[in-house]
Amino acid sequence: MFGGNYQDWLYRALTILVISCPCALVISVPLGYFGGIGGASRYGILIKGANYLEALTDLRTVVFDKTGTLTEGVFQVVEICPAKGYTQKEILEIAARAEAHSPHPIAKSIRKKYGKDLKDGDLTGLLSYEEVSGQGIRTIFNGRTVLVGKAGLLEQAGVSLPRLTVDKGLGTVVYISVDGDYVGQLTISDRVKADSRAAIAGLKQMGVQTVMLTGDNQVVAKAVAEELDLNEYHADLMPEDKVSWLETLSQAKRQGKVAFVGDGLNDAPVLTRADVGIAMGGLGSDAAIEAADIVIMEDQPSKLLEAIHIARYTKKIIWQNIGLALGVKLLVILLAIFGLANMWVAIFADEGVALLAIMNAMRVRWYNSPRNSLPEASLVQTVIVVAR
Ligand code: ADP
Ligand code: MG
């Protein structure tokens, strides 16, 4: 069988050379990832690189920010409690002027409750403005220092606050002080997104741990964590505390990747630090969208489930392609060694398998979620693309 003349062996050598060309292998892996990224974009999920798609397949823990991520972030002022000597209208005006420039959802709700447009004229007395990340606002207005924010911000400045005994449930309390004196407080309520429940339940089903890190107080954090049945939560955190918690979680769960999902207000550093930083594109700040590795366009945390499904599907197809390419090539090389494969078979093992691998990789592009949440518009778009 190993006989034959010089010409036979030259032919076999050339046949093996054609078979061993790694076209299918080289093409199908990146193409699979491109397909995955393209498929995800149909669901409004922007993935900034194949490495993040890969990381999603190995997710052990997902850490969520609370405000604007798990909750709607559309706050409503539900209670205005002025201190003695002040009226509701007065403290709302003080707070609205101090919050005039803040993009935080809390600030927006205070301005909305105030109702009137804050014109430049209303703000002429504003001498200084400082947004204390994850805490509140410090301003000097008409020569008086105004603080608006969480209890810690005011207490640090030496303001004594009335002890609260009432359970405020989901309400976040915003305290207001003028020149070191407590002048009142606003209770602002937020709602848990209906979609957050689906996201947390889905992640748990996949065996992924869910954790919430929030700058808000214990009471609110506990209410949200219980409502969503989260595995773990940590409240009253400064932005830097969120980073150290994330590092603790990454170290503890070394066997898998840790993702952080946030809206980027006060949490851009954590987004950068996580293995996979995921930002909400609708509510999220530009800084967050820039810092994130994955952007979810419609602010739905459950889109993360689709992203994970697509990532797993992509990986499956890539392995299928690798198996197909190596399997067919090995088989045909063996046949060629024994003189049983001609050049046409070799060309099939090279170009043919490459084409098959490309077609297989294209399947990711048309991935259909088991949750079937593809937006109508994308379906129409898909049909048009196919028709072309
Ligand atoms: P989360 O971590 O839940 O997303 P943030 O870090 O954005 O929350 O804010 C944490 C807390 O800081 C808020 O619950 C609020 O009490 C206070 N805070 C932050 N920004 C402001 C602001 N602009 N005005 C008033 N309070 C604020
Ligand atoms: Mg936030």
Side-chain angles (χ1 to χ4, degrees), residues 14-60 62 206-208 250 254-259 274-278 292-297 303-337 341 343-370 374 378 381-382 385-386 388:
L14 288 175
T15 315
I16 291 174
L17 194 66
V18 171
I19 303 165
S20 55
C21 169
C23 282
L25 221 59
V26 174
I27 284 179
S28 64
V29 175
L31 206 68
Y33 283 120
F34 288 154
I37 292 172
S41 73
R42 285 164 65 235
Y43 287 88
I45 307 161
L46 184 76
I47 301 177
K48 294 195 191 168
N51 45 338
Y52 306 119
L53 204 60
E54 173 66 26
L56 280 182
T57 60
D58 187 27
L59 221 48
R60 286 288 167 282
V62 178
M206 293 177 175
V208 178
S250 320
R254 216 172 260 145
Q255 71 273 34
K257 298 272 190 288
V258 177
D275 294 323
V276 190
I278 304 169
D293 309 316
I294 297 179
V295 182
I296 293 176
M297 296 317 293
K303 284 283 166 72
L304 182 55
L305 302 177
E306 250 89 58
I308 297 175
H309 280 307
I310 292 172
R312 289 183 177 176
Y313 189 56
T314 306
K315 199 170 181 177
K316 193 173 105 183
I317 286 199
I318 288 174
W319 278 111
Q320 275 175 2
N321 278 349
I322 293 175
L324 176 79
L326 291 182
V328 173
K329 278 175 195 288
L330 270 178
L331 184 79
V332 181
I333 285 178
L334 278 177
L335 291 178
I337 290 174
M343 194 52 92
W344 288 112
V345 180
I347 288 171
F348 167 76
D350 181 35
E351 307 303 328
V353 170
L355 277 176
L356 284 178
I358 290 171
M359 284 195 273
N360 196 26
M362 297 277 280
R363 291 201 296 145
V364 197
R365 179 74 183 75
W366 310 117
Y367 170 81
N368 257 325
S369 162
L374 194 63
S378 314
Q381 201 185 9
T382 309
V385 173
V386 171
R388 250 192 238 147

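All values reported here derive from a predicted model rather than from experimental measurement. Every heavy atom of this structure was used, including side-chain atoms; hydrogens, water molecules and symmetry mates were not.
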Counting C-beta onward and ignoring hydrogens, is there a side-chain heavy-atom pair between [X] and [Y] closer than 4.5 Å?
X      : Y      : value
Thr314 : Glu54  : no
Leu324 : Asn360 : no
Ile333 : Ile337 : yes
Phe348 : Val332 : no

### Message
Looking at Lys316, I'd like to know if its NZ atom is crowded, meaning that more than 12 non-hydrogen atoms belonging to other residues, nucleotides or ligands lie closer than 6.0 Å.
### Response
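Incorrect, the count does not exceed 12.
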
In Å and rounded to the nearest 0.5 Å, what is the [atom1] to [atom2] distance from [X] to [Y]?
X      : Y      : atom1 : atom2 : result
Leu330 : Ile19  : CG    : CD1   : 10.0 Å
Leu326 : Leu331 : CG    : CG    : 12.5 Å
Leu53  : Arg312 : CG    : CZ    : 12.0 Å
Ile310 : Arg42  : CD1   : CZ    : 8.0 Å
Tyr52  : Ile37  : OH    : CD1   : 10.5 Å
Tyr33  : Ser28  : OH    : OG    : 10.5 Å

### Query
By ring pair (Phe, Tyr, Trp, His ring centres under 6.0 Å), which residues pair with Tyr313, not counting sequence neighbours?
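Result, ring pair (Phe, Tyr, Trp, His ring centres under 6.0 Å) vs Tyr313: Tyr367.
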
Shortest non-hydrogen contact from [X] to [Y]?
X      : Y      : answer
Ile47  : Ala40  : CD1-CB, 3.7 Å
Ile278 : Ala259 : CD1-CB, 4.2 Å
Leu59  : Val208 : O-CG2, 3.8 Å
Leu25  : Ala325 : CD1-CB, 3.8 Å
Gly256 : Asp275 : O-OD2, 4.4 Å
Ala361 : Ile317 : CA-CG2, 3.9 Å

### Partners passing side chain to side chain donor-acceptor pair (under 3.5 Å) against Glu351 (at least two apart in sequence or in another chain)
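With sequence neighbours excluded, Glu351 shows a side chain to side chain donor-acceptor pair (under 3.5 Å) to no residue whatsoever.
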
Using atom types as modelled and distance alone, determine if a side-chain donor or acceptor of [X] lies under 3.5 Å from a backbone N or O of [Y].
X      : Y      : result
Lys303 : Ile45  : no
Arg363 : Gly35  : no
Asp293 : Gly277 : yes
Lys257 : Leu56  : no
Lys329 : Cys21  : yes

### Query
Leu31 and Asn321: side chain to side chain contact (heavy atoms under 4.5 Å, CB included), yes or no, with the steps?
CA-CA 10 Å; Leu31 206 68; Asn321 278 349; over 6 Å; no

